[in-house]
Amino acid sequence: QQQVKQSPQSLIVQKGGIPIINCAYENTAFDYFPWYQQFPGKGPALLIAIRPDVSEKKEGRFTISFNKSAKQFSLHIMDSQPGDSATYFCAASPANNNDMRFGAGTRLTVKP
Amino acid sequence: NAGVTQTPKFQVLKTGQSMTLQCAQDMNHEYMSWYRQDPGMGLRLIHYSVGAGITDQGEVPNGYNVSRSTTEDFPLRLLSAAPSQTSVYFCASSYSRWRQNTGELFFGEGSRLTVL
C-alpha cells in the first residue's frame, strides 16, 4: 500500500502545453515533498522540492503547488518541451528521517 | 565526480542462485538506501542505513540482506533469487536530515536483474 498516490499514470501533451501531475499522501509526519525526473536508462534526479510551510514553489518552468489541508501536491510544467519527456515521481519523507516514499510515477510525453 | 556507482548494470540469474549488487558513493553521505523499481509500482524502499554498522528494513525487505561496514559501501544481497525479484534496483545516498534538512537523494544508474 503506497504511502504516496500519484496520477495520472501517463500523460501526453503537445509542445507548449502545461502538463499537471498530482499526488496525495496520508502521513502527516511527511515534511519534505520532492519531485524526481527520470530519463530512460538513468536513475531519478531531483527536479524541485517543497516544504509544507509554503503553498507554491517555482523554479524555471517547473512549479509545485501544495495544499496542506487536503494533503495534496502537484507539479506543473509550463511551456513543456519534447526534452521534458521523462518519467516523473513525486515523493515524501518525514521530518528528521531520510526515508523517502515514492509515488508510482507518471510517464510524460511531449509531442513536437 | 563518480557520485553513486552501482555494479553490475545487468545480471541474469536462475531461481535459487545468490548474488550481491554493489553500491559505492564518494560524497561522504551518512544515509544509503536500496530501492526497486517495477512498472506501475514506482520506487519501493528495500533497506536503508543511517551510518556504518546500522541498517534497517524498508517497505519490501523480504528476500534481501544488507550490511554497512564502511560509509562508502552498501551492498545488497539476494540469498536465493526468485522470479518475483526481477526488477531494476537503484542505490541512493544523501546527507542525514540533521545535517541537510532536505534529504535530497542521489541515485545510481541502476542494476537490471532478471531471475529465470
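A note on names: the letters A, B, ... follow the listed sequences, proteins ahead of strands, and every chain is numbered from 1. Quick caveat: nothing in here was measured; it's all calculated off a predicted structure.
When the side chains of ILVMFWY residues are joined at heavy-atom separations under 4.5 Å, either directly or via intervening members, A:I48 and A:F89 end up in two distinct hydrophobic clusters. One hydrophobic cluster holds both A:L11 and A:L47 under the rule that ILVMFWY side chains link at heavy-atom gaps under 4.5 Å. Connection of B:M32 to B:V66 is established within a shared hydrophobic cluster, with ILVMFWY side chains joined at heavy-atom distances below 4.5 Å, either directly or through further cluster members. Hydrophobic clustering of Ile, Leu, Val, Met, Phe, Trp and Tyr side chains at less than 4.5 Å, counting indirect connections, keeps B:Y31 apart from B:Y89.
Crowding of B:M27 atom CE: a count of heavy atoms from other residues, nucleotides or ligands under 6.0 Å exceeding 12. No more than 12 heavy atoms of other residues, nucleotides or ligands shown are found within 6.0 angstrom of CD on A:Q9. Surrounding CD of A:E26 are at most 12 heavy atoms belonging to other residues, nucleotides or ligands under 6.0 Å away. Remark: B:R44 CZ is packed, more than 12 non-hydrogen atoms of other residues, nucleotides or ligands lying under 6.0 Å away.
The shortest distance between side-chain heavy atoms of A:Y32 and B:E104 falls below 4.5 Å. Side chains of A:R101 and B:L45 form a contact here, defined as non-hydrogen atoms less than 4.5 Å apart.
Closest heavy-atom contact between B:G40 and A:A104: O-CB, 3.5 Å. The minimum heavy-atom distance linking B:L105 with A:Y36 is given by the pair N-OH, 2.8 Å. The two atoms that bring A:P44 and B:F107 nearest to each other are O-CD1, 3.3 Å, heavy atoms only.
In terms of heavy-atom pairs under 4.5 Å with chain A, the best-connected choice from B:P39, B:G42, B:S33 is B:G42. Across A:D99, A:L46, A:V4, the residue that shares the most heavy-atom pairs under 4.5 angstrom with chain B is A:D99.
There is no contact between B:Q6 and chain A, counting heavy-atom distances below 4.5 Å. Looking at A:Q38, the atoms closer than 4.5 Å to chain B (heavy atoms on both sides) all sit in the side chain, from C-beta outward. Neither the backbone nor the side chain of A:P34 comes within contact range of chain B; no heavy atom of the residue lies under 4.5 Å from a heavy atom of that chain.
B:Y35 places no side-chain N or O within donor-acceptor distance of the main-chain N or O of A:F102, the cut-off being under 3.5 Å.
Between the OG atom of B:S94 and the CE atom of A:M100 there is a distance of 7.0 Å, given to the nearest 0.5 Å.
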